[in-house]
Amino acid sequence: MIPRIRELLHASPFIPFTIRTSDGREYMVPTSDHAAITPKGSRVIVFADDESQAEVAALHVATVVKNAS
């Protein structure tokens, strides 16, 4: 899933998407600035507008869904 997330983060134009984890949690990525992938690709960090962040292990990313326009 990490290659797919990387592809979506670098897409032009950017399309917002949601990361769903194996335990059912969802993390919305409204802009490319709201997520980062660690250099080794083992984790995704999603940043919220309130300055909080969620770190998700790559193994727990179940799916990535593009959000409706």
Side-chain angles (χ1 to χ4, degrees):
M1 281 295 165
I2 294 298
R4 178 69 177 136
I5 293 170
R6 188 175 281 122
E7 176 184 308
L8 290 170
L9 287 173
H10 295 291
S12 182
F14 178 83
I15 298 171
F17 62 94
T18 300
I19 297 171
R20 290 186 186 148
T21 62
S22 56
D23 65 358
R25 294 181 189 173
E26 295 188 345
Y27 301 95
M28 187 171 168
V29 182
T31 72
S32 60
D33 292 332
H34 282 83
I37 300 169
T38 59
K40 290 186 178 182
S42 61
R43 299 189 178 280
V44 178
I45 300 143
V46 181
F47 306 100
D49 287 333
D50 66 1
E51 296 295 318
S52 65
Q53 63 188 35
E55 189 172 325
V56 180
L59 293 174
H60 292 289
V61 176
T63 188
V64 179
V65 180
K66 288 183 183 179
N67 297 344
S69 303

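A donor-acceptor pair under 3.5 Å links the side-chain atoms of T38 to the main chain of R43, judged by distance alone.
If you take CG on N67 and OG1 on T18, they are separated by 3.5 Å, rounding to the nearest 0.5 Å. Distance CE/M28 to CG/D49: 9.5 Å, rounded to 0.5 Å.
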- Show the numbers, then the answer: is there a side chain to side chain contact (heavy atoms under 4.5 Å, CB included) between V64 and M1? CA-CA 8 Å; V64 179; M1 281 295 165; 4.1 Å; yes
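Summarising the geometry of F47 relative to Q53, their closest heavy-atom pair is CE2-OE1, 3.4 Å, with the distance given to 0.1 Å. Minimum interatomic distance between T21 and Y27 (heavy atoms only, all atoms of both residues): CG2-CE1, 3.7 Å. Contact between G41 and A58 at its shortest, heavy atoms only, is O-CB, 3.7 Å. Of all heavy-atom pairs spanning S22 and A62, the tightest one is N-CB, 3.9 Å.
When side chains are defined from C-beta on, H60 does not count as touching D23, because their heavy atoms never get closer than 4.5 Å. Between V65 and E26 there is no side-chain heavy-atom pair separated by less than 4.5 Å.
Hydrophobic clustering (side-chain heavy atoms under 4.5 Å, transitive across Ile, Leu, Val, Met, Phe, Trp, Tyr) groups L9 together with V61. Residues V46 and I2 are members of one and the same hydrophobic cluster, defined by side-chain heavy-atom contacts under 4.5 angstrom among Ile, Leu, Val, Met, Phe, Trp and Tyr. The same ILVMFWY cluster, assembled from side-chain heavy atoms under 4.5 Å apart, contains both F14 and I5.
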